[in-house]
2 protein chains.
Amino acid sequence: MVSTHPKNIQLKHRVKIVDLAQSLNLSKGTISRALNDYSDISDSTKLRVRKQAKIMGYIPLSSAQAIKTGRVRALGLVLRVDSHDSHHAFLTDFLDGVSRSAGTRNWTLTVATATSDEDELQTFRRLVAERKVDGFIITRCLVNDIRVGLLHDAQIPFVLYGRTNLDADYSYFDISGETAIESAVCRLVALGHKNIGFINGPEDLNFSQMRKNGYLAGLETSGLAQNSSYIVSDVLTREQGQMATQALLTLPTPPTAIIFSLDMAALGGYRAVEKLGLSVGKDVSFIGYDGISQGVYATPALSTFEVDTRQAGERLATMLIDQIRGEPLEKLNEIQHAKFTPRGSSNPPQKTSEQLAEFISGKHNERETL
Amino acid sequence: MVSTHPKNIQLKHRVKIVDLAQSLNLSKGTISRALNDYSDISDSTKLRVRKQAKIMGYIPLSSAQAIKTGRVRALGLVLRVDSHDSHHAFLTDFLDGVSRSAGTRNWTLTVATATSDEDELQTFRRLVAERKVDGFIITRCLVNDIRVGLLHDAQIPFVLYGRTNLDADYSYFDISGETAIESAVCRLVALGHKNIGFINGPEDLNFSQMRKNGYLAGLETSGLAQNSSYIVSDVLTREQGQMATQALLTLPTPPTAIIFSLDMAALGGYRAVEKLGLSVGKDVSFIGYDGISQGVYATPALSTFEVDTRQAGERLATMLIDQIRGEPLEKLNEIQHAKFTPRGSSNPPQKTSEQLAEFISGKHNERETL
DNA sequence: ACACTTGCCGAAACCGTTTTCGGAATAAAT
DNA sequence: ATTTATTCCGAAAACGGTTTCGGCAAGTGT
């Protein structure tokens, strides 16, 4: 382990800009401008100053800079903790992406939590008023998200992870769940499925709308009729996933394949299938979305669309920093695609919808006669 | 929803201390001292100033304060992301606890991630040098944790979530895994178990040591002999849990009950049990530790010790803030207890260890003859 | 009546950095 | 040899607070 740094974390007597100035026989203004790459400083002195700064271990005090520049080099992230854990399965990756991307540019990430809209706005206000952060990363976008309007009006920089319905000019990074789900439909159709159900997330979240659009588009391109009873919404948790799957499979003509808007719901679906005496990947095919790690350990492993949450965090951080710095955004917004990872849960149908229905209702009668 | 705040987040023309001074015909020094509760300001003017401050919506600029006071009112948390997700199952709760506790005192939380020791120290240095944070919350304590020595020597305030072996005078908050595991042994013994295995976490983590001590203490008080082949270490993930359980159950005299240092490992254990044609809660009893939500949805649900991670975060934040403020710590450290939550996985043994061994080896032979 | 506290506040220095402005030196143009 | 631009840097004023110090008034003790 090679390191050019001292093994201790020094705190006492930090070297200030005047120390540098003194040791180089320059004024502190010159030092500052040299470090900030002003054009009225000669290249030679810039070099000299930077070298000495490195030698003496000078690190600018961010709060002192902030008072003049108005920037603290900090990104804000407000987490909503009211909802179910499922939302935060990727939190570590996301935080890592953001923090790492910010850290390399000497920015930091401050996170806060909120339980309600009012709580969240309150937190925005406080962080902005105290100038603890220079901008926000917004996650879990709603279809109609008041936050983007508010932040936009207040002229506070922000970026969205995802999109919203409002047509304000904001920048965002998103993974196209729409095309992913559409391709899921096509893949299942290619495998021979004709009855494909869709278990969606909460309808107020924007990504749910997108994925639903993808589902409908997939039916369209595959030439399949749209069946409103094949769509279940507002399914977020494992248990809700189980119930929704149960509901779909006990339909008169049950789907032979189910697409889930969230992996977590799909994992709940496994139980419903098992309880009906069926098995996933044989009698019923599953395709999920998110790529959570638990999906790998399910039996059979869950076919899903893997989302690179770390990359999302990285991109969002850089986009926001650039925006705050007032740099021309090369891209105001960016859309990536999730990577389909076929595993054991999606295969050609072994039973037709009718056979499935017969089996299931038989199971039911069997039970009732007991 | 009643709110005294304007619906927008104002940014332009923040009200400064001079604005207050002007409107009250006082000097800015007086305003500052009034707000900071100096003793040389009369109660009447303190009241007057605070009232006006609230009316005008004055919020001090933390970076401006920081430059003089040396404090930015920010807590630091460095997350290690190299390890498996299991460590971060409670991250949301923990962050919520810390952030909420900090927020009510107008402090904030900045998080960073690190992948190695060197990386983490580097991050410490940067955050301290730039004075982005006033102190750190340290999680995932090792038995010999270099971090506490370094931070202690550098005189940087910090608190530990957990403990370490070093006998420096640091403050910590911990949940006593030791007493929990000890009581787990006793409970299982009370149910009739005589062969109790223990699947522990990584040995370099301090809590693993503590829980192992608890296990040994439990055997001691129950009068059971200690059997070194009943202890497996360094089990962190689901798959490792499965393998470890498999190993214990294929012993000549398998345990009829297993205690897991981590719920996640226990969930892996379910699979091992099922694959052997046995069932948890009947043939083999499980008791876990942590209280992760997945444990509720396992069949049977996992008996475990529930840890209040949110409360831990809250306490740690307040302890650290108090310490930074230089307030006399009423308690330098604090130990809470995990709450045992019996569910379906722990019951009286239906088979003795011999019967279990016979069944399992029969299963094995059966397979080999195929 | 006087000196002596005490309570309360204003003035000014200070924290570490950025940024504006002007001016000395040097180079280029006439 | 002047004038005119350029280049480069120093001096000083910000930024928005905190903290020290000194002083005026009112109360206290003799």
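Residue numbering restarts at 1 for every chain, and letters A, B, ... go by the order of the sequence lines. Worth knowing before you read on, the calculation uses all heavy atoms, side chains too, and leaves out hydrogens, waters and symmetry mates.
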Check whether any side-chain nitrogen or oxygen of [X] sits under 4.0 Å from OP1 or OP2 of [N], and answer yes or no.
{"X": "A:Thr69", "N": "C:dT18", "answer": "no"}
{"X": "A:Tyr58", "N": "C:dT17", "answer": "yes"}
{"X": "A:Thr30", "N": "D:dC9", "answer": "no"}
{"X": "B:Ser27", "N": "C:dC9", "answer": "no"}

Atom [atom1] of [X] and atom [atom2] of [N]: how far apart are they, to the nearest Å?
{"X": "B:Leu24", "N": "C:dC8", "atom1": "CG", "atom2": "P", "value": "17 Å"}
{"X": "A:Arg131", "N": "D:dG17", "atom1": "CZ", "atom2": "C1'", "value": "12 Å"}
{"X": "B:Lys46", "N": "C:dC9", "atom1": "NZ", "atom2": "P", "value": "10 Å"}
{"X": "A:Ile59", "N": "C:dT17", "atom1": "CD1", "atom2": "C1'", "value": "15 Å"}
{"X": "B:Asp43", "N": "C:dC9", "atom1": "CG", "atom2": "C1'", "value": "14 Å"}
{"X": "B:Glu130", "N": "C:dT17", "atom1": "CD", "atom2": "P", "value": "11 Å"}
{"X": "B:Ile67", "N": "D:dT18", "atom1": "CD1", "atom2": "P", "value": "12 Å"}
{"X": "A:Tyr38", "N": "D:dG10", "atom1": "OH", "atom2": "C1'", "value": "15 Å"}

What I want to check is whether an N or O donor and acceptor connect the side chain of [X] with the base of [N] at under 3.5 Å.
{"X": "B:Arg33", "N": "C:dG10", "value": "yes"}
{"X": "B:Lys28", "N": "D:dG17", "value": "yes"}
{"X": "A:Asp40", "N": "D:dC8", "value": "no"}

Across the strands shown, which category fits [X] at heavy-atom distances under 4.0 angstrom: base, sugar-phosphate, nothing?
{"X": "B:Ser39", "value": "nothing"}
{"X": "B:Ser63", "value": "nothing"}
{"X": "A:Asn25", "value": "sugar-phosphate"}

The side chain of [X] lies closest to which of these nucleotides: [options]?
{"X": "A:Ser42", "options": "C:dT17, D:dC9, C:dC8", "result": "D:dC9"}
{"X": "B:Lys68", "options": "C:dT19, D:dG10, C:dC14", "result": "C:dC14"}
{"X": "A:Lys16", "options": "D:dC9, C:dT17, C:dT18", "result": "C:dT17"}
{"X": "A:Leu61", "options": "D:dG10, C:dC9, C:dT17", "result": "C:dT17"}
{"X": "B:Ile17", "options": "C:dC21, C:dC9, D:dT18", "result": "D:dT18"}
{"X": "A:Arg14", "options": "D:dT19, C:dT17, D:dC9", "result": "C:dT17"}

Quiz item: Would you say A:Arg14's side chain and B:Ala129's backbone share a donor-acceptor pair under 3.5 angstrom?
Solution: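 It does hold such a pair.
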
Quiz item: Under 3.5 Å, is there a donor-acceptor pair between the side chain of A:Ser116 and the main chain of A:Asp119?
Solution: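 Between the backbone of A:Asp119 and the side chain of A:Ser116 there is a qualifying donor-acceptor contact (under 3.5 Å).
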
Quiz item: Is any side-chain N of the basic residue among A:Arg50 and A:Asp37 closer than 4.0 Å to the acidic one's carboxylate O?
Solution: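 Yes, charged N to carboxylate O under 4.0 Å.
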
Practice problem: Nearest-nucleotide wise, let me know which of B:Ala64 and B:Gly29 is further upstream toward the 5' end of DNA chain C. | Solution: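 Its nucleotide being nearer the 5' end, the pick is B:Gly29.
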
Quiz item: Does a donor on one side chain and an acceptor on the other come within less than 3.5 Å for A:Asp96 and B:Thr113?
Solution: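 Yes.
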
Quiz prompt | Between A:Phe136 and A:Phe124, ring centroids under 6.0 Å | solution =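 Yes, they do, as the ring centres are separated by less than 6.0 Å.
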
Quiz item: A:Arg80 pairs by side-chain hydrogen bond (donor to acceptor under 3.5 Å, both in side chains) with which of A:Thr139, A:Asp117, A:Thr115?
Solution: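 Exactly one candidate clears the test, A:Asp117.
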
